[in-house]
Every structure is written in C-alpha cells, then in structure tokens.
Amino acid sequence: RAPHLAAMDLGSSLQVVSLQAFGSSTTNGGSGGGGSSSSSSTPAVGALACVVFSGLALRTRDGGSPLVLTLAEEPAGIDRVSVFFPSTSGRVPHPPLPASLVGVAHVNKAQAAFQSLAARGWRCGRGSSTAGKPGSAAAPVFLLRLWRVDGAVAQSQDDDDAVQVVWAARPEEAWIGASAMLLAAPFGAALAACAVTRGVVSNISSPDGLLLLDMRRSEGSTGGGVLLDTGAGPCLVACLAPALRSNSSETVALSVAVPLSVLANALLEDVACSRVLRQEEKEVFRTSFDSPGRPPEIRPLSLDSSRSSRLAGRSSRGAVASAARLGVVLLWLETTGSWASAIVVSETGYLVTCAHLLTGRSWMEEPPPEDDNEGGQADGGKDTLADVLKPKRPPAARRPTPPKRCRGRGQVLQPDGRFAEATFDADVVFVHGGFLDAALLRVREPAGGRRLVFAPLPWHRGPPPAEGVEVWAVGHGLFGPGTPWHGPTITRGHVAKVARGASSGRVAVLQSSAAVHRGCSGGALVDVARGTLVGMVTTNVKQQDGAIMPHVNFSLPTDLLRPLLDFVGAPPERQSTEALRRAWDACAADEYEQTLWRLEPEVLDLPSLVEERKRLALRRLDELAGEGQAAEEGVFGEPPAESAPSSSASKKLSA
C-alpha cells in the first residue's frame, strides 16, 4: 500500500502513474534506461515497440487535467502516450487516459553535477557515451518531459493514492544512510499497481543536484518517486532518473535520482515550459523559492541523523552513517590510476587497506602453489594416466614491488570542531605478502602545517555477527578520484554467511549481500545496529565471463586484523613491523581457508565412476570365463584336474 499522508498546505498532491508509448523498434534501441521495451521476435523495419515508464502526476485543487512529470526517455518522435492511474487501495483503477507532450525542460543543475562522470564515459539511460571526449559535445542527459492528460481525474476518488511531497527540500549530508523507498508503476496495463522497493540513500552529489541510491529497480521504474522516511512519515523528495550505465558494461547496482527542488527550478527557469503551466501549478513549484528569480529557500527534513550524536553515544542510523563515513578514506596511486578505500585505525592517521591496491594483484587471483611431486608416486615412480591428463596450473606471477606512498582524501578534524575533507599523502608502513590481503599505511604530516586528526571507527568486540544481521558496506566504489559524490558511499545488505576454518574453528570469511563494486576494497563492513566495524571489504565474486556480482562479496573479519591495534597503540620506539608480520602470519588463511577465499569446490571422497565401470567389466569377464568353462565340460566331459583353470588364470583372462 502506498503511503497515506496528510494533505499539503497548497492542496496539491503527486500520484505515481504509469505511461505507455509505442514507437519504432528501429529507433527505440531495445530496452534502455527509460523503460522496458518488447517487440516481436523478428521485428520488421518500422515495427512498433511498447515502452512503459513511470511518472508523477501533479493534481491541484481546481480538479483540472493533471500534469505528468517524468525523466524517462520515450521513443523518438512520440508525442502521445496512455496514462494509467494505479490504485493502491483495492478499488478499480481509472481507465487509461491519453496525454500529450507539452514541454521539455533541461535540468541543468543535475547535468552539471553529472558532468565529471560523463567525462569518464558514464551515462544515464541511452544517452550518448561520447560526452566528455575531445571534440564531442556533451549530450543532454537529464530532460524533464511534461505530459498533459486529456481529461480530469476526480480528486476525491483517489485521495488514498496521493503522496505527500516536499518541493523545497535540498539534499544534505543528513540524508546519507537514511531509509528510502522507490514508488513506481513499471508494468503499465499488465499490472495496474505500484511497485515498492526499499533501500538507502548512498550519497549526494557536490555540487548538489543528484542523489545516489542503493535500491533495486526495473527499466520501467524510471520516472518514479523516491521517498525518504522522515520524522513525520515518508515524503516524496526526488524523481528516479534513467539507469546509470558505464562504457565498460560493468554491472551497476546503484541508481540516480533528481531532487524535486531541482526539477521545480528547471521548470520555472524554462520559458517555454513555464508558459504551459497553469497558475495553480506555478504556485506549487514556487514553494521552493523565496520569490521568483531567486535561489530556492531550503526547508530541511527532520531526519533523525544528528551529526553530534556520535560523540553523545547515540546509536541512530544517522549517527552510524556519519561515523562510518568519517572512518573511511579514499586512496589512489597516481602512477597507475588505481584506487581503493581504507579504514581509519587511529586518530594519528594509521590506515588499513587491501594489499592488492599496492601489489596490483590479490593472492586469491594467483594459482595456488603446486607441489613438485603432487599426484605422482611416493617413491618417485611414473605418474598415473590421471596425473598426465591433469591440467597444470600456470606459474604464479611475481609480485611487483609495492610503492612507498600514495595519495588520499578523507575527513579530518578542524579547529572549530567540525570535520572537513582534506587531501594528504600516506606512507606505506607494511604490506603483508602472505595469505592475508592487508596493508598498513600512515598519513604523512603536512609540511609546516598542523597535524591531521582523523575519526577512527569503533571495532567490534565479542562474538561475530550472526547471519541475517543488517550491515552497511562503506567505501569509494565505482567512481574513484574526481567523483561528484560527497565522500564514501553506503550500500545496505545483510550478513549472508559466516564461514569458519575447518581446523582453526575461527571466523575466516564474512559474506554479505551489500552491493560492492570495484574501489570498495579496503572499505568498512559495519554492523548497523551496533555501529561497529565487523570486517574489511576485500573481494566480490565474478562470473566465468568476468562480470561482477555486486551482491556477493567477502570481507576479512576484524579479529584477523586485530594485531593492528596492538601495533598502533604501542609507543613509537616499540612499534615493530616484524612483530606485526609474525602476528599477521598467524592470522593468514590456512590451506582450507584459502579454498574458501578462492571458491574452490570441496573435494568429496566419492567412489569413482571409472573405477566402478572397471570393476563391473572385470566381474563380467569372470562370468564369461565361467560360462565358457561350463560349456566345455558339457561337450567334452570333465576335464583333467591339471587342466582346470586356476583363479590366477582367471584373473589373467580378465585382465
């Protein structure tokens, strides 16, 4: 059921609707970010394809024809659609109504926030991937389309379906980590109902204009409404943009939305669109302005996410999100362009990250060492046929020498008590070369400046988190340096598996369902309920074709990294990297735990099918030999005793 909320002051409301359009399959380009397309198995040139997408229908007190806003892409040349008003209250929905395209506005603020991503090949929906290349013009990515419904919709009939809207809310850091909900109608006439998806706000852009969301979506969800769970209940604050895509065809489990305040700004600034708006509609959009022509006056939402609650010991989701984001920084290598995340271990700037950022390759990607006599006879004899046919592993590549320093960016404490983003250099203190993907770094003090002070995350103590516990993966996935997003992103999931070593009995691997992309390595896996660090994100799973599975990933438990705390807490004269190496060697994966990290199949002691067939064949040969002997006895009589076949002769015959 859609949220039932109080009426707005101006008497207007938004309803999520489904729009259905037909266009040429040759111009639609298949399923894109704006909607799901379907056509015949062998469409002819010029065949029609159905495209379904969502929109937000604005209805005012005068009861006139609704205005539908959407960010979805429709087939080229289409200016008429059918609008379905889904019912969430169990009543029969409205019959579809025709609507005409009356205006298109460029959302310049969202386009400016997306520009740095477009320059690196990112796009929303089917937008041009050439934006940002030398000599190419940046194609508009965010276009707000206005559709006027041909006919009025009774306000009294669908009051329960209307959603409270906050036009004047601008994204702020307090939104990050807040529970969010996507309300869309992606199925058109096939299922005249709203689909609800829950997730979290992963990040906000800088400059503001975009929201990054961690929630599932379908192609037809584009144009749906994004609601935040505020203190007064869910309120609609943004519109879902077309699907986020990269030129590398990488699987992206995140979505982008545009705040309603940005859309209202774009409508009022566009002269052509402003002319098609009725006076009541203009009054609604101007709620985000002090007066026409001035910047919007922000009315922040009352989210329970006080940034000072971390010091007060509160355990609200906002406080956990704030502490988690302060405790994760970005690291990158200027020589290779590689980047990863790192966890702040101490206020003095000790950081822990994955060793493969510095070595270029994780030990999990290297083939395990092969014994010289593996599969051969113990006495040095010849190999069996199975050993000869066994595929040989390639020799392990020699690891390059890790760099001595890297660049970083994170939140540091300011003299006024607030945290602000700063760029720094970090020296590599120790890189573990064994079966523990971990490295220790320390932030270098700026020359002639004050010492940088960081905010470390509290580490989990006690038993490991149980399977099913809600966790956040906090890191700098997908985008890296130059990203428009404000600090690390947050993705939501649960502990899917707690794997223990066979002989050690310790927790060796934590598997989570939070979305993890490249660049999240070294990030934090946080227990949301306790606000503590339970693991360091290390790797995710790839399919055989190399495609990444974002929601299947593994983390190092904090117990295996705990020797870091002893090293960092010791006086400088007593800090020994050799002692840290020995302690980490004891925490490194043993032979069985290595198979867990490499996802090697378990060796099962099952009877061999080849051996079973061989045994049956030998038994049949013995039976044939016995039948032959019985036949000879029946024809020639009892053979002499010395000519009777012995058991050894039977075995030779069988062989």
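We're numbering straight along the sequence, starting at 1.
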Query - Distance in Å, H486 NE2 paired with S205 OG, rounded so as to fall on 0.5 Å steps - result: 10.5 Å
Report task. Answer with yes or no whether the side chains of S255 and R216 bring together a donor and an acceptor at under 3.5 Å. Result -> no
Query - Derivation and outcome, side chain to side chain contact (heavy atoms under 4.5 Å, CB included), residues L71 and L263 - result: CA-CA 10 Å; L71 289 171; L263 298 183; 4.2 Å; yes
Requested in this report: Verify whether the ring centers belonging to W122 and F479 lie closer than 6.0 Å.
Outcome: yes
Query raised in the report: Looking only at atom types and distance, does a side-chain atom of N553 sit under 3.5 Å from a main-chain N or O of A514, one as donor and one as acceptor?
Result: yes
Query raised in the report: What's the spacing between H106 NE2 and Q111 CD if we round to 0.5 Å?
Result: 9.0 Å
Query raised in the report: Quick one: does R198's side chain have a donor or acceptor within less than 3.5 Å of a partner on M181's backbone?
Result: no
Query raised in the report: Minimum heavy-atom separation for L211 to A238, with atom names?
Result: CD1-CB, 3.8 Å
Report task. Evaluate side chain to side chain contact (heavy atoms under 4.5 Å, CB included) for L212 paired with V256, printing each intermediate quantity in order. Result -> CA-CA 5 Å; L212 189 65; V256 174; 4.2 Å; yes
Requested in this report: Specify the closest pair of heavy atoms between W339 and R518, including all atoms of both residues, with the distance to one decimal.
Outcome: CH2-NH1, 2.9 Å
Query raised in the report: Does the side chain to side chain contact (heavy atoms under 4.5 Å, CB included) test come out yes or no for F142 and V262, once each step is laid out?
Result: CA-CA 11 Å; F142 299 96; V262 175; over 6 Å; no
Query raised in the report: Is there a side-chain contact between I176 and T489 (heavy atoms, below 4.5 Å)?
Result: no
Query raised in the report: Is any side-chain heavy atom of L228 closer than 4.5 Å to a side-chain heavy atom of C235?
Result: no
Query - V17 versus A57, closest heavy-atom pair with distance - result: CG1-CB, 3.7 Å
**Report entry** Any donor-acceptor N or O pair under 3.5 Å, side chains S261, R170
**Finding:** no
Query raised in the report: Quick one: are L117 and P484 in side-chain contact, heavy atoms under 4.5 Å?
Result: yes
Query raised in the report: Side chain of D214, backbone of R492: donor and acceptor closer than 3.5 Å?
Result: yes
Query - Distance, nearest 0.5 Å, that separates OG1 of T70 from CG of L101 - result: 11.0 Å
Query raised in the report: What are the two closest heavy atoms between R80 and A21, and how far apart are they?
Result: O-CB, 4.5 Å
Query raised in the report: For A253, does its backbone N or O pair with a side-chain atom of H517 as donor and acceptor, under 3.5 Å?
Result: yes
Query raised in the report: With no hydrogens and no angle check, is any side-chain donor or acceptor of S513 less than 3.5 Å from a backbone partner on V495?
Result: no
Requested in this report: Give a yes or no on whether the backbone of H476 and the side-chain of S341 come within a donor-acceptor separation of less than 3.5 Å.
Outcome: yes
Query raised in the report: Between E269 and K109, does at least one N-O distance fall below 4.0 Å, as a salt bridge requires?
Result: no
Report task. Calculate, to the nearest 0.5 Å, the distance between atoms CZ and OG1 belonging to R217 and T222 respectively. Result -> 4.0 Å
Query raised in the report: How are the rings of W147 and F53 set to each other: parallel, tilted or perpendicular (split at 30° and 60°)?
Result: tilted
Query raised in the report: CG/L14 to SG/C239 distance, rounded to the nearest 0.5 angstrom?
Result: 9.5 Å
Query raised in the report: Do L143 and V107 come close enough that some side-chain heavy atom pair is under 4.5 Å?
Result: no
Query raised in the report: Would you say L58 and V284 make side-chain contact, with heavy atoms under 4.5 Å?
Result: yes
Query raised in the report: Hey, is R275 close enough to D270 for a salt bridge, meaning N to O under 4.0 Å?
Result: no
Query raised in the report: Quick one: CG on L183 to SG on C194, what's the gap to the nearest 0.5 Å?
Result: 4.5 Å
Query raised in the report: N203 side chain to I490 main-chain N or O, any donor-acceptor pair under 3.5 Å?
Result: no
Query - Side chain proximity check, V320 to W472, heavy atoms < 4.5 angstrom - result: yes
Report task. Go through the steps for S521 and T539 under the test side chain to side chain contact (heavy atoms under 4.5 Å, CB included), then give the verdict. Result -> CA-CA 6 Å; S521 298; T539 182; over 6 Å; no
Report task. Give a yes or no answer on whether the side chain of R145 reaches the backbone of A72 with a donor-acceptor pair at less than 3.5 Å. Result -> yes
Query - Donor-acceptor under 3.5 Å (N540 side chain, V516 main chain) - result: yes
Requested in this report: Check whether any side-chain heavy atom of T491 sits under 4.5 Å from a side-chain heavy atom of V200, and report yes or no.
Outcome: no
Query raised in the report: Just by distance, do the side chain of S54 and the backbone of G223 share a donor-acceptor pair under 3.5 Å?
Result: no
Query - The single option from R59, R148, R286 passing salt bridge (Lys or Arg N to Asp or Glu O under 4.0 Å) against E281 - result: R148
**Report entry** Nearest atoms (heavy-atom pairs only) where A185 meets V52
**Finding:** O-CG1, 4.4 Å
Query raised in the report: Would you say the side chain of V237 lies within less than 4.5 Å of the side chain of P259, judging by non-hydrogen atoms?
Result: no
Requested in this report: Identify the two heavy atoms, one from E172 and one from I204, that lie closest to each other, and give their separation to 0.1 Å.
Outcome: C-CD1, 3.4 Å
